[in-house]
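Below you'll find the structure, written out as structure tokens, and then a few comments.
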There are 2 protein chains.
Amino acid sequence: MHISRNSFNSTFIFVAMDTKGILSHITRHVTLTPEEREFFTSLLIPVNVKQGDFVEQSGEVTTNFIHVNSGCLMTYFTDPSANDHVIQFSTAGWWTADLHSLTQNQSSIYSTRALADSEIFMLPKIRLEELVDRYPIFERFFRIMFQNSLVTHQQRIVQAFSFTAEQRYEYFQQKYPQLEQFVPLKYIASYLGITPEFLSKIRRKRMEK
Amino acid sequence: MHISRNSFNSTFIFVAMDTKGILSHITRHVTLTPEEREFFTSLLIPVNVKQGDFVEQSGEVTTNFIHVNSGCLMTYFTDPSANDHVIQFSTAGWWTADLHSLTQNQSSIYSTRALADSEIFMLPKIRLEELVDRYPIFERFFRIMFQNSLVTHQQRIVQAFSFTAEQRYEYFQQKYPQLEQFVPLKYIASYLGITPEFLSKIRRKRMEK
DNA sequence: GAAAGGACTTGAACTAGATTAAGAAATCAT
DNA sequence: ATGATTTCTTAATCTAGTTCAAGTCCTTTC
């Protein structure tokens with residue numbers, strides 16, 4: 001999979017970064033004391049990535065939860081025939097992580113790359129463990145977050161099996177209207193589980209209507 | 001969808017039921033004090049259901065988490081064309097719930113029925129809220145359970161888009177070897193996202209090898 | 001134990017979507 | 001600006017999986 005001309009860049013840029021966004025996403029679900037906020041933000045590692053950079057690479061063991069502060073990431077799976085399948089796009093406010101790799105300490109089958117210049121926070125797994133041990137309110141936050149994520153995942157499974165490609169495309173447009181404007185169509189096709197050629201046909205058919 | 005000859009049975013049978021199984025599943029992930037065990041089990045509503053009975057029906061608002069103590073349940077989605085799609089089989093030790101209906105108080109799009117006579121525990125949502133408020137260790141338990149469930153859901157999405165029907169069938173046989181022996185093939189086909197006719201063809205092809 | 005309904009299979013015709021190959025349009029590097 | 005690389009589209013051909021229709025076997029019921 002090739003994005004722009006940028007090659008793999010392992011030199012992350014560390015910077016000061018605004019934590020308002022991430023805190024407001026958390027306090028939408030739980031209430032935090034100033035102490036909890038302070039400790040939480042002290043664990044975050046802010047990183048700037050450029051379009052095309054890898055954030056995680058398949059084959060390596062994942063050690064971080066990732067939160068997108070601005071920009072957009074894409075997580076994809078490369079099958080044995082070397083075909084890529086986009087699993088998720090993550091825009092501002094989203095979390096992403098390979099939970100299997102993270103919890104089982106096994107090498108990941110997913111890669112995550114930046115689709116645009118992005119600001120992200122990395123939260124190391126061991127820091128998260130300290131966090132929830134010390135402040136159980138974060139246990140609740142992640143419980144709620146995973147619970148909501150499960151709803152989305154279940155809907156995607158239902159759709160994969162009961163919707164046509166065209167219906168999945170319509171749903172995608174409704175749910176993520178901003179994404180289509182800057183994500184290359186081939187990645188959208190991959191996310192929908194179809195070829196770029198077939199997405200092209202669907203788009204033409206819909207234009208003609 | 002029709003299972004055996006049993007008709008809808010809304011008269012659940014309440015009985016004493018062994019809580020060893022459910023407690024051992026929980027203590028695999030977290031350690032409980034005797035007080036926590038006691039309080040937790042006091043919230044559970046044991047129910048016996050017969051093969052074919054509905055446990056939850058689409059169109060109604062879900063109010064319970066469900067844990068299977070013995071037997072087997074099936075959760076399915078009925079699409080606008082009245083075709084059923086099996087989402088999950090739940091055997092002993094599994095939890096099931098429509099999290100969307102449960103958290104948003106909206107009517108469920110899923111139905112859950114017993115594929116065999118089963119013993120289940122129902123945990124009302126409001127009781128769960130009391131539980132996690134009082135004993136945060138259960139917040140952790142459900143966080144871990146949802147986290148693990150997400151891994152499984154993610155794998156199913158990957159497979160839906162990158163495996164052929166035959167590969168999905170092979171994976172299903174490996175992962176749930178006991179299920180094929182008593183679950184009607186048409187439900188397995190539905191779970192795999194194919195027609196019973198096509199599953200038949202796959203099975204024949206594999207027999208000939 | 002006959003009849004009836006459901007479960008599973010088989011085969012023929014069909015379709016959603018893949019593959020291959022090529023051209024057009026957009027983007028990027030120098 | 002120009003050439004090179006990538007993205008998107010179009011069209012022809014092909015295939016995995018569906019639909020429809022019929023037939024067999026098994027289970028349940030009276």
Side-chain angles (χ1 to χ4, degrees), chain A residues 1-7 9 50-53 74 76 79-86 113 115-117 159-173 179-208, chain B residues 1-7 50-52 74 76 79-86 113 115-117 159-173 179-208:
Chain A
M1 185 169 284
H2 194 272
I3 302 171
S4 180
R5 299 266 178 106
N6 297 314
S7 57
N9 177 356
K50 287 199 187 145
Q51 183 180 348
D53 285 353
M74 164 180 84
Y76 60 95
D79 72 21
S81 315
N83 294 118
D84 292 321
H85 304 271
V86 174
R113 301 182 69 178
L115 276 175
D117 293 357
Q159 289 186 12
F161 288 129
S162 65
F163 279 24
T164 63
E166 188 170 352
Q167 290 172 323
R168 296 199 299 274
Y169 178 50
E170 280 172 19
Y171 183 85
F172 172 83
Q173 288 184 309
L179 275 183
E180 199 171 4
Q181 293 156 22
F182 76 93
V183 174
L185 287 173
K186 61 175 188 168
Y187 300 136
I188 294 175
S190 175
Y191 176 85
L192 297 174
I194 58 177
T195 58
E197 292 88 342
F198 192 60
L199 178 56
S200 230
K201 272 188 204 169
I202 290 172
R203 285 162 56 81
R204 187 188 180 188
K205 188 180 150 201
R206 289 163 56 76
M207 295 278 278
E208 288 169 354
Chain B
M1 185 170 287
H2 195 272
I3 301 172
S4 181
R5 301 267 176 104
N6 295 315
S7 56
K50 287 198 189 149
Q51 181 181 347
M74 166 180 83
Y76 60 93
D79 71 21
S81 315
N83 293 118
D84 291 321
H85 304 272
V86 174
R113 301 181 69 177
L115 276 174
D117 293 357
Q159 289 186 11
F161 288 131
S162 66
F163 280 23
T164 62
E166 188 170 354
Q167 290 171 322
R168 295 199 300 274
Y169 179 49
E170 280 171 20
Y171 183 85
F172 172 81
Q173 287 185 309
L179 276 183
E180 199 172 4
Q181 292 155 25
F182 77 95
V183 175
L185 287 173
K186 61 175 187 167
Y187 299 137
I188 294 175
S190 174
Y191 176 84
L192 297 173
I194 58 177
T195 57
E197 291 91 338
F198 193 59
L199 178 54
S200 228
K201 276 185 200 168
I202 291 173
R203 285 163 57 81
R204 188 188 178 188
K205 189 180 149 201
R206 289 164 55 77
M207 295 279 277
E208 287 168 356

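Quick note on labels: first sequence line is chain A, next is B, and so on, each numbered from 1. The structure presented is a predicted model; accordingly, all values stated were derived computationally and were not measured.
- Rounded to an integer number of Å, the gap from Tyr187(A) OH to dC8(D) C1' is 13 Å.
- In this structure, the CD atom of Gln167(B) is 12 Å from the C1' atom of dA16(D), given to the nearest Å.
- Between the CD atom of Gln181(A) and the P atom of dA26(C) there is a distance of 17 Å, rounded to whole Å.
- The phosphate of dT9(C) (OP1 or OP2) has a side-chain N or O of Arg203(B) nearer than 4.0 angstrom.
- For the pair Ile188(B) CD1 and dA7(C) P, the interatomic distance rounds to 13 Å; values are reported in whole Å.
- When the ring-ring contact (aromatic ring centres under 6.0 Å, His included) test is applied to Phe172(B), the partners found at least two apart in sequence or on another chain are Tyr176(B), Tyr191(B).
- Look at NZ on Lys186(B): it is 8 Å from P on dC8(C), rounded to the nearest Å.
- Evaluation of the side chain to side chain donor-acceptor pair (under 3.5 Å) rule for Asp79(B) yields His85(B) as partners, not counting sequence neighbours.
- Note that CG of Leu192(A) and CD of Glu170(A) are 11.0 Å apart. Values are rounded to the nearest 0.5 Å.
- Checked against side chain to side chain contact (heavy atoms under 4.5 Å, CB included), Ala160(B) has the following partners two or more places apart in sequence or in another chain: Ala160(A), Phe161(A).
- Looking at Asp117(B), its side chain does come within 3.5 Å of a backbone N or O of Gln51(B) through a donor-acceptor pair.
- The CD atom of Gln159(A) sits 10.5 Å away from atom OG1 of Thr164(A), with the distance rounded to the nearest 0.5 Å.
- One interatomic measurement links the two molecules: CZ of Arg206(B) to C1' of dT9(C), which rounds to 17 Å at whole-angstrom precision.
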>> Across nucleotides 11-24 of chain C, 5' to 3', mark each nucleotide with B, S or - according to how protein heavy atoms within less than 4.0 Å reach it.
In response: SB----BBBB----

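- Rounded to 10°, the helix from dG1(C)-dC30(D) to dT30(C)-dA1(D) has 50° between the axis fitted to its first five pairs and the one fitted to its last five.
- Residues that satisfy the salt bridge (charged side-chain N to carboxylate O under 4.0 Å, His left out) test with Glu180(A), not counting sequence neighbours, are Arg203(A).
- Going from atom OH of Tyr169(B) over to atom C1' of dG17(D) covers 17 Å, rounded to whole Å.
- The distance from atom CD1 of Ile188(B) to atom CE of Met74(B), rounded to the nearest 0.5 Å, is 11.5 Å.
- In summary, the side chains of Tyr171(A) and Gln167(A) do not present any donor paired with an acceptor at a separation below 3.5 Å, with no hydrogens or angles considered.
- Between Gln51(A) atom CD and dT27(C) atom C1' there is a gap of 11 Å when expressed in whole angstrom units.
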